[in-house]
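Comments concern the structure below.
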Amino acid sequence: MDYLTQPIDPTSASDLEAGGLRLTLVDTADPAAFDGWIRADFRGFHGERPKDEVLEEARGYLGGRRTTGVYDDAIPAREPVGTVNSWVAPLTVPGGERVGSWAISSVTVAPTHRRRGIARALLGGELRTAHALGVPLAILTVSESVIYGRWGFGPATFATAWNVDTKRVRWAGAETPGRLSFAEPEEYRETGERVLDAVMAGRPGEIGLEPYLAHRLIGPLKGSSDADKYRLVRYDSPSGEPEGFVSYVVKGDDDFTRHTVEVNYLAAATDEALTALWRYLLDLDLVATVKVWTRGVDEPLPALVSDIRGARVTDLEDHLWVRILDVPAALQARTYERDGSLVLHVTDDLGLAAGRFRLTVADGRAEVAPTDDAADVTLPVASLGSVYLGHDLARGLGLAGRIQGDVGALGRLFRTAVPPRLSTWF
Ligand SMILES: CC(C)(COP(=O)(O)OP(=O)(O)OC[C@H]1O[C@@H](n2cnc3c(N)ncnc32)[C@H](O)[C@@H]1OP(=O)(O)O)[C@@H](O)C(=O)NCCC(=O)NCCS
């Protein structure tokens, strides 16, 4: 499958052409063209003007993605007015299989060209291209939650943010064996990528990381505002196996005893690494607050501290959104914790995944085939995306009318004991 060279979607190209706009793949080997696209991407997310070293680093890392731009040839700009990029990322699904999924990122539209259907053309184009290439699902993380439902995406994992008052809590977990030590990001990068791969393979909802995404978690990218303050602590098991790390910055306060630690990423491939790294953070001297983002909804922290009110969830938010493109392939890739049989009637405004399917689960494995039997459950493809990774969302969607029929049976079949998690943005 060559997603880099697959031609641009003709429907989106002609929709935009009717409005005087040109949709095209960007030649990432041409630095001038690629820099213009990267600048537009930074601007779209209200970022800084990227310096030369930042552009160079981004070109090195992002050149392997399918990179699409929308250009308004009537204006004398080097930058496109719309951007998107995509690649096929391994998404871990229940049971541990890693399913090649169409990951979409950098969706931006210049404020000068908003609400003229550019995002619609970009998203429709991405989904039709992925579908044509036989990719069973598309995934993205979103800055606004109201946009992507219209294209059949449903929120499938949720993320928590934590604020720990470390003057209030003491470690209440078990002993933590293993070894902690500081590391320099540059020297740890290869080891860190291996640790991250184990983390991402070990939990439904996580995606295998390209070097760019891994680099962001291990150590600072060029131009990141806190680069000089970055710290990296690695955890190795008693037998010397690298199993985790935490990257963070410490920020000052007028009171020198009350610094704040902002965790960039906490990677734990084992329970021992998780507890050792949490303990490290909670025990830091001259620190009053530890802030952590994008943890799972089942983060075990409350059990590990002496006073659970000292470790508060400050945010709970939708995180990974899933769009099923091929119902049989997606549903057969995951496993199930109960056996059963259901006829699902899936509706899809874009017409990519619609149909009626019998899902039969035996010994945890599914067989899915088209059927004319009466439906047990009727649902839009966005709701199927929401329940796909095992999060317990069926009841709420049923109450909202976004799953109809035997909602209980669907919930029992799809949910998993451990909720899915995605612990990074892309
Ligand atoms: C979000 C963004 C990409 C939308 O681009 P756009 O070209 O203006 O969107 P379109 O004109 O194609 O709109 C498509 C539909 O989405 C809706 N929509 C777009 N942005 C929306 C928003 N921020 N809130 C609510 N609805 C929105 C439009 O109203 C339209 O609805 P319709 O289907 O009912 O007609 C653009 O505003 C942007 O670049 N924002 C900043 C970066 C960002 O947030 N990117 C998303 C990253 S995940």
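Side chains included, hydrogens not; waters and symmetry mates left out as well; all remaining heavy atoms used. Just follow the structure's listing: the first ligand is 1, and inside any ligand the first atom is 1.
Counting only N and O atoms by type, the side chains of Thr314 and Asn163 include no donor and acceptor under 3.5 Å apart. There is no side-chain donor-acceptor pair under 3.5 Å between Thr160 and Glu299. Thr416 and Arg334 form no side-chain donor-acceptor contact under 3.5 Å, judged by distance and modelled atom types alone. Between the side chains of Gln6 and Thr129, no donor N or O sits under 3.5 Å from an acceptor N or O. Checking Thr92 against Arg203 by side-chain atom types alone, no donor-acceptor pair falls below 3.5 Å.
Only side-chain heavy atoms of Arg150 come within less than 4.0 Å of ligand 1; its backbone N, CA, C and O stay farther off. The parts of Ile118 lying near ligand 1 are both backbone and side chain, judged by heavy-atom distances below 4.0 Å. The proximity of Trp321 to ligand 1, defined as any non-hydrogen pair under 4.0 Å, does not occur for either the backbone or the side chain.
Looking at atom 44 (O) of ligand 1, its nearest protein heavy atom turns out to be Ser143 OG, 3.0 Å. Here the protein heavy atom with the shortest distance to atom 39 (O) of ligand 1 is Val109 N, 2.7 Å. At the shortest separation from atom 23 (N) of ligand 1 among protein heavy atoms lies Glu144 OE1, 2.8 Å. Residue, atom and distance of the protein heavy atom nearest to atom 9 (O) of ligand 1 are Ala119 CB, 3.4 Å. Looking from atom 45 (N) of ligand 1 to the surrounding protein, the closest heavy atom is Val107 O, 2.8 Å. Scanning the protein for heavy atoms near atom 41 (C) of ligand 1, the closest one is Gly44 O, 3.5 Å. Looking only at heavy atoms of the protein, atom 1 (C) of ligand 1 is closest to Ile147 CD1, 3.4 Å.
Listed by atom number, the atoms of ligand 1 under 4.0 Å from Val146 heavy atoms are 24 (N), 25 (C). Near Gly117, with a cut-off below 4.0 Å to any heavy atom, the atoms of ligand 1 are 10 (P), 11 (O), 12 (O). Near Thr108, the atoms of ligand 1 lying under 4.0 angstrom from a non-hydrogen atom of the residue are 39 (O). Residue Arg114 approaches ligand 1 through these ligand atoms, each under 4.0 Å from one of its heavy atoms: 8 (O). Below 4.0 Å from some heavy atom of Thr141 lie the following atoms of ligand 1, by number and element: 48 (S).
For atom 13 (O) of ligand 1, the nearest protein heavy atom is 4.0 Å or more away. Within the 4.0 Å cut-off (strictly below), a protein heavy atom is located near atom 19 (C) of ligand 1.
In this pair, Phe245 and Tyr265 present their aromatic rings tilted. The plane angle is within the 30 to 60° band.
Environment of CG in Leu221: crowded, with over 12 heavy atoms of neighbouring residues, nucleotides or ligands closer than 6.0 Å.
The existence of a salt bridge linking Asp373 and Arg356 is excluded, since no basic side-chain nitrogen approaches an acidic carboxylate oxygen closer than 4.0 Å. Under a 4.0 Å N-O distance rule, the pair Asp348/Arg323 qualifies as a salt bridge. At a threshold of 4.0 Å, the pair Asp197-Arg98 counts as salt-bridged, since one of the basic side-chain nitrogens sits closer than that to a carboxylate oxygen.
At under 3.5 Å, a nitrogen or oxygen of Arg116, whether backbone or side chain, sits near a nitrogen or oxygen of ligand 1.
A donor-acceptor contact shorter than 3.5 Å is absent between the side chain of Thr157 and the backbone of Arg421.
Closest heavy-atom approach to atom 32 (P) of ligand 1 within the set Arg43, Arg115, Arg120: this belongs to Arg120.
The only member of Glu57, Glu193, Lys222 that meets side-chain contact (heavy atoms from CB on, under 4.5 Å) when paired with His215 is Glu57.
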